[in-house]
Amino acid sequence: MTSIKPRLKTADYVKGVLQGDRIMLGQAITLVESNLLTDQQLAANIIKKIIDHTGRSIRIGITGVPGVGKSTFIESFGLRVISHGKKLAVLTIDPSSKITKGSILGDKTRMESLSKNPLAFIRPSAAGDTQGGVAHKTREALLLCEAAGYDVIIIETVGVGQSEVEVKSMVDFFLLLMLAGAGDELQGIKKGIIEMADAIVITKADGDNIHPAVEAQAAYQQALHLLPISPSRWQPKVLTCSAVTGSGLETIWEMIELYIEQTTASGFFLQNRQQQNVSWFNDNFEQLIKADIEQHLALKKSHLENKVAQQQLSPQAAAQELLEAYYHSMKKF
Ligand code: GDP
């Protein structure tokens with residue numbers, strides 16, 4: 001884990017974050033990610049105090065298989081977003097990695113110019129070793145970034161599993177990056193992820209790759225037309241871009257602005273945020289109960305697990321017994 005710095009008081013972190021102090025923001029996120037109970041309590045207190053200052057950013061999820069060009073895209077697109085007078089935060093999730101000595105995805109030079117830009121804040125965060133998983137920590141980091149005045153927050157995840165669903169549940173707009181490929185256009189990415197996308201962007205549309213990119217664009221557009229209309233009533237778009245030449249990037253930004261405009265006018269934007277907040281609350285509650293059971297009833301639970309494994313007890317009966325044991329333990333407090 002990150003090296004332990006002496007902790008400050010809640011009010012100091014709150015003040016620093018609200019002033020947009022990047023060092024304090026970074027330290028507050030470290031508290032959020034910490035597995036130490038005292039840090040978690042401090043983080044919870046900070047979040048409680050800043051909650052009124054959150055919710056005002058555009059939250060964008062970006063995913064795609066390794067090599068599709070995510071970091072190159074975020075770097076070019078991010079600089080463009082900044083050129084529109086926005087402050088940008090990028091939270092990167094790699095579910096398979098643990099952060100070691102500040103390096104993530106084995107590449108220290110990811111998003112180099114963006115990371116040097118005073119209007120950008122980049123924070124890698126590994127999900128591999130955190131309790132409560134990626135969603136919990138990233139959501140809190142997102143709130144801290146909002147309180148620190150970031151107008152646009154990109155949450156990047158590598159397209160290999162469960163984290164996409166979690167990211168979708170915390171963003172306003174979900175962008176899937178795809179390569180123009182030979183053969184099956186839909187290879188490598190699960191259909192479920194395509195269905196979640198508000199837009200697909202075919203990357204690396206430059207040089208000899210322009211033509212295949214345009215072909216892939218048409219194929220995906222056709223595939224998306226076959227999907228049922230999403231609750232947002234937004235018809236997902238397929239665009240092409242090159243992070244190297246910059247072509248298509250402005251159109252992507254305009255599309256996101258249009259989405260925000262349309263879904264705000266229809267009421268979906270707010271409704272979606274409200275639903276996300278409620279499911280976040282439910283997740284938190286479930287997690288507290290789980291942690292409590294692990295803490296007070298670990299032995300009982302493993303005993304029941306053994307019985308279930310041996311078919312001496314039905315899973316349902318075991319669950320009921322654990323719940324009763326939990327009630328019983330609660331009465332002791
Ligand atoms: P990630 O693993 O998804 O983050 O992908 P990277 O951003 O690291 O990009 C993978 C490779 O594709 C790198 O060698 C990039 O230089 C290259 N690449 C990324 N974007 C573009 C692009 O727009 N055009 C071209 N020609 N190459 C690109």
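These numbers come from the heavy atoms of this one structure, side chains and all, not from hydrogens, waters or symmetry mates. Order of appearance sets the numbers: ligands from 1, and atoms from 1 within every ligand. Along the sequence shown, the residues carry numbers beginning at 1.
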Using side-chain heavy atoms (C-beta onward) and a distance below 4.5 Å, is Leu42 in contact with Ser34? no

Check for me whether Thr203 has a heavy atom closer than 4.0 Å to any atom of ligand 1. no

Side chains of Gln217 and Thr240 only: does a donor on one sit below 3.5 Å from an acceptor on the other? no

Of all the atoms in ligand 1, which lie at a distance below 4.0 Å from a heavy atom belonging to Val65? 3 (O)

Using a 4.0 Å cut-off to any heavy atom of Ser242, which atoms of ligand 1 qualify? 23 (O)

Could you tell me whether Gly67 and ligand 1 have an N or O pair separated by under 3.5 Å? yes

Donor + acceptor pair across side chains of Arg123, Thr30 (<3.5 Å): yes

Using only atom types and a distance under 3.5 Å, with no angle test, would you say the side chain of Lys204 pairs donor to acceptor with the backbone of Leu179? no

Output yes when the distance from some N or O of ligand 1 to some N or O of Cys241 is under 3.5 Å, and no in every other case. no

Return yes or no for this condition: an N or O of Ser71 is under 3.5 Å from an N or O of ligand 1. yes

Using a strict cut-off of 4.0 Å, indicate which atoms of ligand 1 neighbour a heavy atom of Pro66. 2 (O)

Test item: Gln262 side-chain N/O and Trp234 main-chain N/O as donor-acceptor pair under 3.5 Å: no

At under 4.0 Å between heavy atoms, which part of Asn209 makes contact with ligand 1: side chain, backbone, both or neither? neither

Which ligand 1 atoms does Asp206 reach within 4.0 Å, using its non-hydrogen atoms? 22 (C), 23 (O), 24 (N), 25 (C), 26 (N)

Salt-bridge test for Arg139 and Asp283: reply yes if a basic N is under 4.0 Å from a carboxylate O, no otherwise. yes

Residue selection (non-hydrogen contact nearest atom 20 (N) of ligand 1) among Thr245, Val68, Thr72: Thr72

Min side-chain heavy-atom separation Glu254-Leu258 under 4.5 Å: no

